[in-house]
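Contents: one structure, followed by commentary.
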Amino acid sequence: MSDAGRPVILVADDEDDVRDLVVYRLSRSGYDVVEARDGEEALRLAAGAPPDLAVLDVMMPKVDGYEVTRRLRADAATSRIPVILLTSRSQESDVSHGFDVGADDYLKKPFNPDELTARVRALLARR
Amino acid sequence: MIRAFAFGVIALGGLNSILLGILAWRRIRVAGAARRRARLEERLRPVTLAFLDGDGELPPLTRREQEIVADALGEYARKLRGPARGRIVAYFESQGTVDRELAALATARPAWRRAAAAHRLGDIGSARVGDELVGALADDDRDVRTAAARSLGKLRHVGGVEPLLAAAAASAVPTAVASWATLQMGADARPALLRMLAADEPAERAGAISVLALVGDAADGRAVSAGLGDASASVRAAAAHALARLGAERDLEALLLALDDPSPDVRAAAATALGRLRDSRALVGLVAHAIEDAFDVAQAAARAAVALDAAACARIEATSDGPHLAEAVDLAQLA
Amino acid sequence: MSVLEIVFVVTAAVTIAYFVCLNGLYAVFTLVAARSLRRHLQRRAYGGLEEAFDSPFTPGITVILPAFNESAGIVESVRSLLALRYPRFEIVVVNDGSTDETLARAREAFDLVPIRKALRDAISTKPVRATYVSRRHRNLSLVDKENGGKADALNAGINAARHPYVCAIDADALIEPNALLEVAAPILDDPERVVATGGIVRIANGCTIDHGRVVDVRLPSSRLAVLQVIEYFRAFLVGRVGWTSMNALLIISGAFGLFQRQAVEEVGGYWTETVGEDVELVVRIHRHQRDRGTPYRIAFVPDPVCWTEAPEGIRTLSRQRRRWHRGLGQTLWRHRGAIGNPRYGALGLVGLPYFLVFEFLGPVVEVVGPPLTLVAFLLGKLSLLFLVAFLVVAFLLGIVLTTAALALEEFNFRRHPKGRDVVRMLAYAVFENIGYRQLNDLWRMLALVDLARRKRGWGAQVRRGIGRPSTE
């Protein structure tokens, strides 16, 4: 939680427009958002101050979304952070790979921002 | 003579200076334009995001600003679904962009302009342009046809299924593009695909089956399995592949028969399908093909056999020749 | 007029005709290239690459990475390949009997475990010792074989390939993440006709590389490397785009080329008896396809970028150029029957003759011609003014053409963000035409001598390992 008691969400995506929109939408829905442009930055931010939830793009430079998820799970401090993967791939194997590495949910691009907020809310409520 | 050379030297020197001048001018201009554009984008971002999120209408914009917002919305159109997407369509309709692009698709002289129009219409996402895009599948230019095919997929225009597969069968658009476009329509494409199973062209039947494999369900298995008896090898191969995905236990006999098809594509597909069925009655046939058949068939058969009964395959492999069973057994142990 | 005089005058005439033809051809190519580059960029907008990336119908590609003593860079190369954006691909590393730690490093970094992989026998190669698959990346495997040279290693990779297309990549090359998708674009658009495609090669010296990606494009400090940067622009943006437009593209760089596997298998794979296996394979595929009479296309795509490390030392560069030239000679000799043969269309009538006259024998004219022309002048057969004017025109034209190639880059791709770098390249356009070109001619002459003495083999190239700063 942030100082204001609002849940903190980490959003990592190298596509600026998608990240902008997700950040805008989540901030307006009452969350504090931290942004990362690649997997490495995401991991650094998560290690510094573990967020309450992470929205990760799969295809990111440096470290991809799967690998970020795997490393978050491997570290005790971040292992319980719920993860939503954003994937631009429709193949089933990718979805199952996402769950294999420990993602809680995934959303296929093109995505509906309303659906993203609904899933964020649902995952946060589950905790 | 000398005069001609002197002239050449001056001309070339001049040409080079002109080239250098153009380069310098362009470099400076492009850099300036990029800076100005970045500033404008920065300024317009909040209103664009608010508009996309339904928090308000766009304020009145200058022509230049409109262009930038349109570019941004065009990018978002590709990445979003739901109400936000609807707002983008409404915006482009209100700006007359859809009509402008439709006119370009129908009448523009340069092919690239028509192709760009076909492409943009798909990105914009207005549902009313489906028929025009179907018409563009008959354009003289391959790029226009292919762009139209992709856009039909993005619009999920179900009326496009039959023309798409027919265009692919006639080599007018790449088969992979037509199949992808049909796949975007999901289960909505099923009725048209099932109708296509009776098409005259073998390539149309094969195309329909291969998409049905991805959008259909077990109920379509019956219609697909009839394809195993088709006169065309490509249809039989597509049918065997499809059965591997749709899973139809009752087709065991037909698939075992297909394992001895004259076409290696059909045999390989049948082997893969049998591996998914998980019926141990197929094991003997698969092992035989894994040891004796051509490379691709043997590889598929070996993997299928190991999927059915890894332990038995390991025993057989230890006493038999052929690299394929060995490979499949080793790979299975990796997992 | 004595016989000697006649010889001199004829040489002078040949030299002049040579320069006129060569520069004329390049001028035409520059115009053709300007047009096709513009069209290419227009097409990019609706090229549908994202859709292809998302599609289960996109054909699979096997990326083959031959490695001989690459322990410095093998892990980084494979890592960059694993990050390629393509829906279905596998990587086959071929360890060509390395005597260093290449195999051990790869095994350790990617958790490669021995697997009895089934290999095709489509092309015969030196014996394979063992095959491995990565436990972590199921699409990564390694073939360990006895040393047989690069062509042999590529053939072994083709035998291990599972997918219908194979992409040959140099172990010291860096491929941009989107490059495989882009180089495959002509195939995705027209799978029935396109049998091979090649991409652009750029020089990575001086650039900043992070996690297997070039993140900042800068000119190298080495003068020799800058000259090669310019040379590559001319070769790729003008030469290859031009040849592609008449379907007579003869060179798909060994550093980055994509082939239909069946087309390669049909002609028997890479030829192991040459040091120019990349050129030779393309010529052989051309001939095979023309012999068969089915419509086909071999395309160059100016977008997909492969970064490579250029030699910065004069000795290594000279070895590289001599090797290239020997390879060209061996290729032309093997395909001498096709040169000038109308049966092979633009390839036989224009492409191969051009390579014979201007690329292969060109150095002779360029090295021997000017001195003999000078002698002709001394004998009073040519006026001094004529000679000087001619030389000035020839060099000026060369500089204009080089500048035009740089303009093509600047207008279409603009990969060099620093204005200072562009100015520097423009200045070097002068030295490329006066100095560097003649140096190249000299090396190529030496290659002709090598060929006459039947020299084979690669000539060792000292590798720094890509991704390291060039200050070592």
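Residue numbers start from 1 in every chain, and the chains themselves are labelled A, B, ... in the order their sequence lines are given, proteins ahead of strands. These figures come from a predicted structure and were not determined experimentally. Because only heavy atoms are used, hydrogens play no part in the values below, and waters and symmetry mates are left out as well, while side chains stay in.
Most heavy-atom pairs under 4.5 Å with chain C, from the set B:D123, B:L15, B:L19, B:D143: that is B:D143. Among B:K154, B:H119, B:Q184, the residue with the largest count of heavy-atom pairs under 4.5 Å with chain C is B:H119. For the set B:R142, B:Q333, B:Q299, B:H324, the count of heavy-atom pairs under 4.5 angstrom toward chain C peaks at B:R142. For chain C, the option among B:L331, B:V177, B:T146 with the highest count of heavy-atom pairs below 4.5 Å is B:L331. Counting heavy-atom pairs closer than 4.5 Å to chain B, the top residue among C:P191, C:G47, C:P59 is C:G47. The candidate from C:D190, C:L406, C:V422 with the greatest count of non-hydrogen atom pairs under 4.5 Å with chain B is C:D190.
When heavy atoms are compared at a cutoff of 4.5 Å, C:R39 does not approach chain B at all. For B:R26, the part lying near chain C is the side chain, with the backbone staying farther off; criterion is any non-hydrogen pair under 4.5 Å. Using a 4.5 Å cut-off between heavy atoms, C:E410 contacts chain B through both its backbone and its side chain. Heavy-atom distances place both the backbone and the side chain of C:A404 under 4.5 Å from chain B. Residue contact with chain B, scored on non-hydrogen atoms closer than 4.5 Å, involves the side chain of C:L426 exclusively.
The line from CZ of C:R38 to CH2 of B:W112 is 8.0 Å long, rounded to the nearest 0.5 Å. For the atom pair CG (C:N159) and CZ (B:F295), the distance works out to 8.5 Å, reported to the nearest 0.5 Å. In this structure, B:N16 CG and C:T402 OG1 are separated by 9.0 Å, a value rounded to the nearest 0.5 Å. Taking CZ from C:F57 and CG from B:L214, the interatomic distance works out to 4.5 Å, rounded to the nearest 0.5 Å.
When all heavy atoms are compared, the tightest approach of B:S171 to C:E192 is OG-OE1, 3.1 Å. The heavy-atom pair separating C:V393 from B:L12 by the smallest distance is O-CD1, 3.6 Å. Of all the heavy atoms in B:L23 and C:A407, the pair that sits closest is CD2-CA, 3.8 Å. Closest heavy-atom contact between B:G13 and C:L396: N-CD1, 4.2 Å.
Counting non-hydrogen atoms of neighbouring residues, nucleotides and ligands closer than 6.0 angstrom, the CZ atom of C:R35 reaches no more than 12 such neighbours. For C:F431, the CZ atom is loosely surrounded, since the number of other residues' heavy atoms within 6.0 Å does not exceed 12. Taking a 6.0 Å sphere around CZ of C:R136, one finds it holds more than 12 heavy atoms contributed by other residues, nucleotides or ligands. No more than 12 heavy atoms of other residues, nucleotides or ligands shown are found within 6.0 angstrom of CD on C:Q262. Within 6.0 Å of CZ on C:R120 lie more than 12 heavy atoms contributed by other residues, nucleotides or ligands.
Considering only heavy atoms from C-beta on, B:L183 comes within 4.5 Å of C:P56 through its side chain.
The pair C:E50-B:R78 does not count as a salt bridge, with every side-chain nitrogen at least 4.0 angstrom from each carboxylate oxygen.
Side chain of B:E327 to main chain of C:A118: a donor-acceptor pair is present (N/O by atom type, distance under 3.5 Å, no hydrogens or angles).
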- Task: Kindly indicate, with the supporting measurements, whether the criterion side chain to side chain contact (heavy atoms under 4.5 Å, CB included) is fulfilled by C:F411 and B:I22.
- Result: CA-CA 10 Å; C:F411 269 70; B:I22 292 176; 3.5 Å; yes

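Remark: B:R150 is not positioned above the aromatic ring of C:Y46, lacking an NZ or CZ atom under 6.0 angstrom from the ring centre and at most 45 degrees off the axis.
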